[in-house]
Structures are given as C-alpha cells and as structure tokens.
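Right, one structure below, let's go through it.
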Amino acid sequence: MVKTMTQLMTEDGIRCDGRRLDELRNISIKVGVLKNADGSAYIEFGKNKILAGVFGPRDVHPKHMANPDSGILRCRYHMSPFSVTERKNPAPSRREIEISKVIKEALQPAVILKDYPRTVIDVFIEVLQADGGSRCAALDAAAVALADAGIPMRDLVSACAAGKVADRIVLDVNNEEDQEGQADMPVALMPNMGKITLLQLDGMLKPEEFKTCMQTALVGCKRVYEVQRKALMEKYFQNGEQ
Amino acid sequence: MVKTMTQLMTEDGIRCDGRRLDELRNISIKVGVLKNADGSAYIEFGKNKILAGVFGPRDVHPKHMANPDSGILRCRYHMSPFSVTERKNPAPSRREIEISKVIKEALQPAVILKDYPRTVIDVFIEVLQADGGSRCAALDAAAVALADAGIPMRDLVSACAAGKVADRIVLDVNNEEDQEGQADMPVALMPNMGKITLLQLDGMLKPEEFKTCMQTALVGCKRVYEVQRKALMEKYFQNGEQ
Amino acid sequence: MVKTMTQLMTEDGIRCDGRRLDELRNISIKVGVLKNADGSAYIEFGKNKILAGVFGPRDVHPKHMANPDSGILRCRYHMSPFSVTERKNPAPSRREIEISKVIKEALQPAVILKDYPRTVIDVFIEVLQADGGSRCAALDAAAVALADAGIPMRDLVSACAAGKVADRIVLDVNNEEDQEGQADMPVALMPNMGKITLLQLDGMLKPEEFKTCMQTALVGCKRVYEVQRKALMEKYFQNGEQ
Amino acid sequence: MNSLILDQLKRDKILDLLKTGKRIDGRSLDEQRPLIIETGVIPKANGSARVKLGDTEIITGVKIQPDKPFPDLGDKGILICTAEILPLADPNAEPGPPNEEVIELARVVDRGIRETEMIDLHQLVLIEDKSVIGMFIDSSVIDSGGNLFDACSYASVAGILSCTVPKYEIKDEAPVLVEGVTSKPPIKTLPVSVTMARIGDHIVVDPTKDEESCMDARITITTNSDGNICAVQKGGSDGFTAEQLLECSEMALAVGRKIRKQFEKLM
Amino acid sequence: MNSLILDQLKRDKILDLLKTGKRIDGRSLDEQRPLIIETGVIPKANGSARVKLGDTEIITGVKIQPDKPFPDLGDKGILICTAEILPLADPNAEPGPPNEEVIELARVVDRGIRETEMIDLHQLVLIEDKSVIGMFIDSSVIDSGGNLFDACSYASVAGILSCTVPKYEIKDEAPVLVEGVTSKPPIKTLPVSVTMARIGDHIVVDPTKDEESCMDARITITTNSDGNICAVQKGGSDGFTAEQLLECSEMALAVGRKIRKQFEKLM
Amino acid sequence: MNSLILDQLKRDKILDLLKTGKRIDGRSLDEQRPLIIETGVIPKANGSARVKLGDTEIITGVKIQPDKPFPDLGDKGILICTAEILPLADPNAEPGPPNEEVIELARVVDRGIRETEMIDLHQLVLIEDKSVIGMFIDSSVIDSGGNLFDACSYASVAGILSCTVPKYEIKDEAPVLVEGVTSKPPIKTLPVSVTMARIGDHIVVDPTKDEESCMDARITITTNSDGNICAVQKGGSDGFTAEQLLECSEMALAVGRKIRKQFEKLM
C-alpha cells in the first residue's frame, strides 16, 4: 500500500491535529460510572476512550497468592477487539501483559496496601478506543477509580507522554506522532510527592532532549492531575456535600 | 464444489430416508456396556452411535468446586475425531462446550443431588458417529447411564428433535434435513412429570408452527422413553430377577 | 531441495565422521557448573551440548501432587530454540514430553526417594545444541547432576545408543546416521547393578542384530560411566580432598 | 456473611411479591426495563452501540474487513458475533478464557442474528469462493445487571444498524479499499431477543440479576420482523411445561414488537 | 479406604501366585488375553475397528483426506496415529489436554506402525512436494483394563486393514474426489506390538490393570511380518537385566506370530 | 525458615553498607560486575554467545532463515529477540508459559535492540513485500544472579555481532540458500543497556540478586554509539525523583561507553 507521509508539523510548530507543542489533547473524566465495581472511572483523552473498574480489598483466589503481611495489587490492561484499526484478537497479547505490569508498578507506590493483609485490590482497565498514549490515559483513569473505591492512597498518580516529533519536543503524543515520530516517552507522576512511577522510552533522544522531554511530560502530568482532581471533586463535593 | 440440492421430501410426504412425517429413525439402547464406569449406555439413533458413561457420586477435584449443600452434576459432550465427515480436532470446540452445558441443565432437574453434598456426578458422552440430532441421542443415553449407575432420579429424561422440512413439520430431523431444512428444534422431556428441560431452535417457524413442532417433538420424546425403559428393563428385570 | 545421499560408511567400516564401528564420539563432562542449582553438569557428547540442573529435595507445588510415602522425581527435557537446524518453537513438543518421561523413568531406579516423603527432586535438562543421541547425553548429564546435588543414589545411570548403519551394528549413532541409518537404539544402564533402565528402538533389526545391538550399547554405557566417574572424582576428590 | 443473609432476604421478598403478581422493582411480569440505545460511540469502529437495559450495560463495536470465505460457503460473507463479560462488569467475572456461560451467551447472541438472517450475506461477496466481506460484531458487558442475553443481542443489532460498510474493489484478485465510499449493511429483518425467567409458577420478562439468582429456568426466544420465531435457547437447572413455553412464545412476540420499534428509529 | 485394602490384598495375591508360576486370571505367563476384532463399526469413517483385549476396549476410526506433505518429505503421504483415553474409560482419566502417559501411548502406537513401514507412503503421493493423501488413525480407549499399548496398536492396525482409500484426481493442481472409486491401502507388512511386564523376577505378557499396578517395569516390542524387531519402548520406574530383555524379544516374536494370524484374516 | 532470616540479615547489611557508600561485594555504586563474553559457543546456530555478568549467565543463539515480512512492513527484514529464564537457572523459576516478568524482560531486550536500530533491516529484504531474511535472537538465562535485563541484552548484541548471514538467491520467487557464501550482519550502531536500582536514596549500577531483593525501583536505559538515549524502562514497586532519573541517564551513558568497547572488540 502506498501511503503519503503525514505532515507531522508546520514550520511554526503547529501539530497535525492543530495543537501547539505544549498543548494537551482534550481530557474528560467521569467518576463512578459503573454499578458493580467498587470504584470506576471513564476517561476520554484525545480519541482514547477507556474504562477502569476497581474491586477490593477482597479475598485472594487462588489463596496461595495471598500475602500475610500486606494486600496485593493486581492490574489488567485490556483492549477491546474494536478499539484499534484492525480487529484485535481478544486474548491478551504480550504487549498488554507488559503494560499491565508497568501500570501496576506505577500505581503501587500510591496505594497503601499494608492495612489489608491477605487481600487483593483488582484494577481492570478496558480500552474501548485506542489512540496514542493509551497507557497514560489508562493510568489516569485507574488512579481515579482507586480513589472512587475508597482505597487509602498516599497520592494520586497522573500520567502523560511527551515525545520528539519533527525534531522538536512535544507534549502528549497522538497516534500519528507516535507511529511516525522520533520518540515517545510515557511518564507517570505522584504529583504531590514528586515521585515518577512510570517511565518508558521508545525512540532516540540526545541527553539534553531526554531531560527536556521528561520535564515536558511532568508538566503534562500536573495538568492531568487538575482534571483528575476536578472529576473527583465533582462527584464527592458538588454543592458542598459529600 | 457443485452440489445438487437433495430432494428432501416427495409430494406425498415421504422423507429423503424413506420415513413418514411422524416417524422416528431406528433406536437401540444397550445398558451397562462399560466395565469401568459406574453406569453406562450405548445408543444407536439413526446413524448416531454414542456412548455415555457415568462416575459418581465421588469426591470433587479441585476441592473448591465442591458444594457443601448439594452434589454437583458435570457433563462433557465430546465428538471423536472420526465421528464427522471432515476429521475433527480432538480439542473441545465452543459448540461442544455449549452442548455440554445444555445437556447438563436438561439432566439436572431429574437427578436428586441434595443427598450427596460435596460430591460430583460426572457424565461423559462420546459421539463415535454423528448424525442429525446427536445432542438428543446423547441425552437419551446419558439419562439411561445415570439410572444404570444407581443415581436416584425423579424421572428419566427423553429427548428428540422435530423440525420443518419442505414447509412441513417433521419428527426427528436427520442430517440432510438439519443442514438443508428450515428449522431444527431439539427437545428434552421428563416424561412422567411433563417437564421440558431442553429446548433449542435454529430456523424459522410461524407461531402456530412453533406450537405444532414442539408437540411433535414431545410425542417423539415419549416414544424414546419407551425405548429407554425397555433397555433398562432388559438389563435389570429380565427373567423376573433383579 | 535435492540432497545427495550421504555416504554413511566406507567399505572397511569407517563411519562418516571418521569413527570405527565401536568408537564413541568425544565426551566431556563438567560438574557443578551452575550456581543456583543444587547440583549441575554440562556435557559435550559429540556435537551435543547439554546442561542439567537439579533442585531438591524440596517442597512440592502444587501440594496435592506430593506423596506422603516417598519423594517424587520430576524431569523436564527441553531443547533451546537455537539447538537444531530449523529454529524450534520454545513450547514443549510432544517429543520432548515423551523424552522427559523416559528419562525420568530411567533415573528413578537409581534415586533413593523413600527417605524424602512429601518432597520433589526436579531435574531440568536444556539441550543447547542437539546431535544424534541427545536423550542419552542428557541422561548422562542428569545422573551426574543428581550426584552433584548430594541426592542419595543406588548407582549412577549411564546411557549410550547403538544402531544399525549400512547393514552393520555401530556404537553411538550420530545425527546423520540417525536420520539415514537403519536403526537407533538408546540404552541406559545402572552400571554396577547391571540394570537397564531405558531401552527404545526405532528402525528394523533381525533378532540376532537386536541382541548384538543391545550388547554394543551396553559396552558404550560402561565407557560413558568411566567418563562420569572421572568428572565427579575431579570435582570431589581432586588433590585428595573432599 | 451479612451479604449472604441480605441476598436470601431479597430472594424471599422477590418470591413473596410474585405471589401477589408484583416484582421487586415495580414492573409488571411482562414488562421490560427501559432500553436506552446510543450508537456511534466508538467512532474508529465501522459501527458501534452502547446499550443500557436497566442496570445492564453493553458496548458493541463492529469491524468490517475483507476476508476469505469459509470452505463450501463461498457465496456468503462472514458474520461473527462474540460476547464477553469484562472483569470490571461483575465481581464474580474472572479474566481468562471464556467459561461455559460466556460461550453460551456468545453463541446464543450469534445464532439469534444468524438464524433470523438479519443480514443478506450474499451481498457481502467480493469474488465468489475467494474474497468476501467479514463483519465482526464484538460485544463487551461493562456492567452486569441481569439478562445479558437480550442486552448483548440489542447492542449487536444496534451496532449493525449503525454501520457504514466500506467499499472494496478487486485489483489483481485482491480487495482494495475505495476511500470515502460507504453503504449501509444489507438488512433483511430485525431480530429481537426476549428472555424470560420462570420463578416458581411465574414467568417474568427481562429478569434482573436478583431475579436470576432465584429463577428456576430461563428461556430466550428471538423473533423477526415478520413475527416468526427464529431461535430459542432454554437454560437453567429446571424445566418448563409445554403451556408455559407457549405462553413465553407469545410474550416474546409481543415484547419483541415494542423493541423492534426502537430499532426502526435507528435505520 | 476399603478399596485401598482390597487393592493391596489383590497385589499380594498376584505376587503369591506368580511365585508358583500362575496368574490371577489363570493365564500362563506368556499367554495373551483373548483378542476380539470387529471392523467397519464406524461406517462414516474410511476405516474403523472395535477391539477388545480382555477387559480393555478400543474404538479406532480412520479418516483419509488430501493434505500437503511435510516439508522435505514431499515424496511421502502422511500417516498419523493418535490415541486418547476417554474419561468414561477410567475413573482416573481426566478430560483436558493429554498428560505424559497419554502422549507416550500415542507416540509408541504411532512409531510401531511407522517404523515397521506398514504402509507404503510413497504410494500416497498425488503430486510430489504439493499434494498427498493423509491417513489419520485416531484411537479412543473406551474401557481401560490394562495394556493399552497393545490394544491401541491392534485397533489401529485393524482400522487400517479395514480401510477403503478414496481416489483423487488432480484438476488445476488441486485434488478432486473421484466418486465411487476406492482401493485398499498399500500394506507392506503387519506390525504386532507385544507388551510385557516385569513383576519381581517374572515376565508376564499382556498385563491386566491389576498386574500393571504391581509391575516393576514394562517393555513394548513391535515386530513385523518378516520377524524383525522394529520398535521398542521400556517404561515403568525400574529396569530389566539384559537377559530378561532378550527373553522378552523372543516372547514378542512368538506371541506376535499368533496375533498376526488374526490380522491376516482381515486382509 | 533459617534462610528467610539470613535473607533479612543480608538485606540489613546491604542497607547499612550503602549508608557509608559501599556495596556488599566491594564495588563502587556506579561499577558494573565483570562482563565476560564468549562467542561461537553454539556452532550449529548462525551466531551465538555465552555471557557472564557476575553470577548471571546467559546463552544466546541466533537463527537466520527466510521469512515473509510483516504486513505493511514489506521493506524490512524481521528481527525478533526473545528471552526466557530456564528452570535450572533459578530455584523460583517454573517451567511453563512465560509470566509477566519474563515477558517484560524479553520485550525490553527486544526494544533496546530495535529502537537503537542496531541492524539495518532494509538490507535484509530479498523481494520487497514478499520475502525477507528473519533473524531470531533467543536468549536463555542459565544462571540467575541479578540484572537479567543487561545480561540478556549483552548476550543478544554479542550473538548478533558473531553472526554470519547466509546468502539467499531468488529462484521462481522463492529464496534458495547459496551454499558457502555468508556476510556479516548490517550493523549500524551498538546498543548498550544499563540497569540501575534505587535502594533508599542510593542508585547502584548492575544490581545483584541480593540487591534486587531490597531495591525500591529499577531503571533500564539503553544508549547507542552516538550517545543517544534510545529505550528506557522503569520497573519495581516504587518510583524515582526527576533528579535521580537524570543522574541515571548520565550513569547509563558513562557505563555504556565502557561496555561498548568490549563489543567493539567482537566486530
């Protein structure tokens, strides 16, 4: 198939979807969207549409996986068959298993597990429609869903990617930029504690670009945090009531 | 491949295998054909050749599946690789898993499980040669095998399909009629209690045809019941002895 | 692909790799090559390069597999993807599962399991490069690794194949001889107790050839035993110390 | 423990109310819960729908792509409906390969649409025996509140109705997408699945999760636009009398007519 | 519990009797149980057999269909023997993927037939390197009473002998069935598998399930019509002396001759 | 039980020493363990290496064979790196399908080599869109002593550097091996993976197994010959500050330069 190379950026730094270099895509988060889950959130982040549901703390099955000294956190990141251009096989791919692991490890520092020995907290993420940055958007929804479930947390976790496109560092890489750009760096931050809990990079960055890219992503994480906070406030403290 | 359409019925209602509209295929049932199983039966129903073996009540593995208040019933319907025209992969297909479930649910009302808490009764069905109506024939053999195993039962379960072929309602649909006919409706009946425990339909029936078709199938079930009874009598009460 | 038939033997009984009829390939065994395993050995047997590692006696998982009266022995024979000409899928093949079983049964008579009830001894074998006779070489390494792990044993187990190539009985069949020869017979022997614990045959032998072939293999086993002994002595009794 | 007792109390309440002809949520026995259908919710898919049936919620996406026909079915396109219960939909759902309940769900939804011949599959052929259009209708239960059979079926039908089918041309025997040209799928009839539960001697339409937990048996009947009965599946660990089943078939036709009007608005 | 005690008593009895040269079912040490072979039991298959060896019972079906040859084996047809123990055959059998015992069973049965070169695979080629005939010989144990190796092997051989091979013509490089024309499979030799158990110092032919439960080791030897030894498999958690194995090879030839006469009647 | 106490004591010791800027094996914080690389250890493979990084030991084999390109990537050859932890490498490793840790290991090793564009995949094309050369780089951990990420990456790189690529000609649209003609793989750059652990406030390079058991978080940074950062993976159940990560990136570049010199000797 012949494909014309997408023009990823104009000369004055306007990106293929009209954004400026440091501009996030539209983000909206709804809290408590599911009736069965103990906590839940739905995020639209650009064209990403992602659901997160949390159950727990609850008993562990199989029992031998339980930890007598602490609760455990499990995470499943899964893409719907219709979420991507070519229909995806519903069985979890190796990519989904790896992302499940890094998301779990990004959430774990924020969750206070010690108080719930022998239990599990399950975080289930379903990507209904995928765009660039789905793992960050998934993390953002999952952190809110954990809070909605009343799980005690040290901090939220806020995630956003930065990257390199047409030789420039940009915030919040979209699908086209991810596929044809030069680098993609997803980052997750515990915003109040200043702790980076997820960092990945695919691409090629000079050392100074690496620094700029990370700082750009961290700015994005903090903006995402405001959206997360607002969404939780709207559910829990609207009109001054709990 | 070009295939000439089978002539499914003559104008005076004689079917492709020579039967009349309300005529069953030949059925023969042998009881107690296996030495290892606690109960067993072999049925030939038209060209169907099916074995059923029952084990139990016995301990449940894995143990967490046991029910402290009642026995459980498990059922496996499986087709031999050589049972159909194209060699079948021996791994259970989704079709076999669904049929296993509906057969289990068709037998369950007849089996008195309350008396055997924490145990399982396993019903294993092997279709050695498949023809139209294999799930009904399998059920017929399984019910007899359960009785042969001495499992306490409220009633037998007797199954037979009816269907629509060449615009007419017929009893006991065979393979050609199933594949080229208009509707196939397998039905299972607890004959003494008048309870229908399996009902499926694939095809297209007017509401009045639906009623006729069901009634036709029920007549078939009752005739099958006589064959089941006779087979059990032959084993257990021949010559006046137990 | 057109392939010229390998000349398997000269008229005066010199084989394709230059060996005489009753000559073994080069064998070298190193004991205790792994730090994590409780016992280990590395064997080069012709072009075979095989690692064996032993863990145990240790607790059995899952627990219901434990035997209250005796230890159990488990064995896994596995080929690396790069060990054969065409890259091998890393999932265990049916061939590998069968070989694992026959190796386990060949080692079992030599291992004193009664003293370790409820435990397991795990033997893991990795074929890094495969040549003819890999199961025998694997067994030879596994027996040494068991001894290295300090598992109490009645005897070593020493294995070697014989076969029929160009109408003659030969010792220690190599890859070309295995594939184009007339018979391959792997044999394992407990050398001090004179017990044959593995015997397989693929090919075609007259009854008198069967006898000669087995005797030839047994001679090979005894020579392998000397190599095994020497390797263990070198590790444990070099310079007169334990 | 407490929740087990609450469950038991709820079951007792359901049974008590049914004796007086009432349901715990105030519905009459033959009344469905409100059905809310939203389409186009997954713009990247060729068709999609989000369906709420009471507390049950489904998202369905349709993917359309060229495919090879099944052997011996070279004159027909491919239509495959699947269904899965996402682990976030139900505290008892587990990740992993589908169990027998999910397999039954997916197969019954698929048969309901297939046996009514909702889509004219002959119109999905590009080159006979070689190349056809495949439609994959994947339904995910995102909130489980009873009667997943009907909810998944409605979401699948709505997803199909919302589809735009891309156009393919044949070049060098291979299908090539024609950008910007689409059509509606070739719809022949509108299947409506109606599920009823028997609780004691009572038949209730569209059971909730609580009603399912105390039902004796279940029947799902799919009818088409012409008022024919096209697919039936009995479930549950007890049976029905013939009279009850005939009553169910009439209910399925009556309820089906109402739902079908909602579908017609989507066309 | 009681049954464990009974099992132990039975084992003691077997061992006691063997000391006096007798077996619990009255057979002599080198005597097989009666072998009953019935062919054509699955008319829809291309070949089939039902075999009883004492209390062990097997059903084998043969399916023949065009296939692609294995790479580098383009001048040979395909022959695959499988074996499975149905869960109704044995209280200890479990549904699911085959365990190591079943895999060994299937592979030993397959090798016995393959290594004797029972079938001339070169005659099953339709177009070299492109299209060949594949024969799938699937054996199911329906009653497990010991010595599954020999019983499955006999059922496989009988199934093959009962085959009618359909004729295929090549049209446009693809095989097309020629209706109504069949032939016998190209048989070169008759393999006979003979399994012996060592119990203490005694070698017994064709062990029953009870004898297997107290055997020390097992050996399966397959011979062909010319009296050659073609496949051997030792099993069990102990070993044999060389003398015992030579004794076994003679027994396998002697018993093999008797069984082969039963096969010859099927040709 | 005792070994649990010993483990705890060892962790305490590691933490105590770090407070004084020391490591339990005497290394400085930014010092790697000795790296020993041996190539050509599997002569039957197209390339191979045995790598020891302290107590960790890896064997990597490279297989090169013609393959079909991935769809939409018809102008590139195939490069796939895998990694597995053999059960003999670690008392906690289990046979069976890879768990999430092994999947992460394999994917991070693969990305490190892929994202640096070590190999010019365009040079591995035989016929565009139809036939390409595939390189499979399979790493097996045979002794697990910490920092499997770097050890597997080094073994993969060394395996690739040791490769001889066979020559294929196209005949009748199919690739045919040209015997006796080989070339070196088209290397563009040398990736070096450097893994660091955070233990409390300390960052240590190349953690041992004992250090891993008490680390808070882990970061793996891969750099190329031009001093660019090409792949990063954070792991572990806690995080880093931004300052710590920048410090890590500098360490990765510095340590990377030393390791790269060892690779250059292999070219």
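First the proteins, then the strands, lettered A, B, ... as listed; each starts at 1. Since this is a predicted model, take the numbers as computed values, not measurements.
Interface remark: P98(D) contributes side-chain atoms only to the contact with chain B (heavy atom separation under 4.5 Å). Neither the backbone nor the side chain of A217(D) comes within less than 4.5 Å of any heavy atom of chain B. Within the 4.5 angstrom heavy-atom criterion, no atom of L73(B) approaches chain D. Looking at L245(D), both its backbone and its side chain come within 4.5 Å of chain B, counting heavy atoms on both sides. For N224(D), the part sitting under 4.5 Å from any heavy atom of chain B is the side chain, from C-beta outward, and nothing else. Using a 4.5 Å cut-off between heavy atoms, L198(B) contacts chain D through its backbone alone, with no side-chain atom that close. Of the two parts of M204(B), the backbone and the side chain both hold a non-hydrogen atom closer than 4.5 Å to a non-hydrogen atom of chain D. For T116(D), the part lying under 4.5 angstrom from a heavy atom of chain B is the backbone only.
The choice from K104(B), K195(B), Q108(B) that makes the most heavy-atom pairs within less than 4.5 Å of chain D is K195(B). Of all the listed residues (K206(B), M193(B), R95(B), Q215(B)), the one sharing the greatest number of non-hydrogen pairs under 4.5 Å with chain D is R95(B). Your options are G236(D), G227(D), A231(D), and the one with the most heavy-atom pairs under 4.5 Å with chain B is G236(D). Taking chain D as the reference chain and counting heavy-atom pairs below 4.5 Å, the highest number among I196(B), L107(B), V102(B), V187(B) is found for I196(B). For the set D202(B), L189(B), T197(B), the entry with the most heavy-atom pairs within less than 4.5 Å of chain D is D202(B).
Between R76(B) and E96(B) there is no salt bridge, since none of the side-chain N atoms of the basic residue sits less than 4.0 Å from a carboxylate O of the acidic one. In this structure, D122(B) pairs ionically with R58(B), as a charged nitrogen and a carboxylate oxygen lie closer than 4.0 Å. With salt bridges taken as basic N to acidic carboxylate O contacts below 4.0 Å, none links E100(D) and K101(B). Salt bridge present: E98(B) and R111(D) bring a charged side-chain N and a carboxylate O closer than 4.0 Å.
Atom CD of Q32(D) and atom CG of D150(D) lie 6.0 Å apart (nearest 0.5 Å). With rounding to the nearest 0.5 Å, the separation of CD1 in I137(D) from CD1 in I113(D) is 6.5 Å. Note that OG1 of T216(B) is 11.5 Å distant from CG of D172(B), once rounded to the nearest 0.5 Å.
Applying side-chain contact (heavy atoms from CB on, under 4.5 Å) to R198(D) and the options Q244(D), M215(D), R218(D), K234(D) leaves one that passes, Q244(D).
Neither side chain, T212(B) nor E209(B), offers a donor N or O lying under 3.5 Å from an acceptor on the other.
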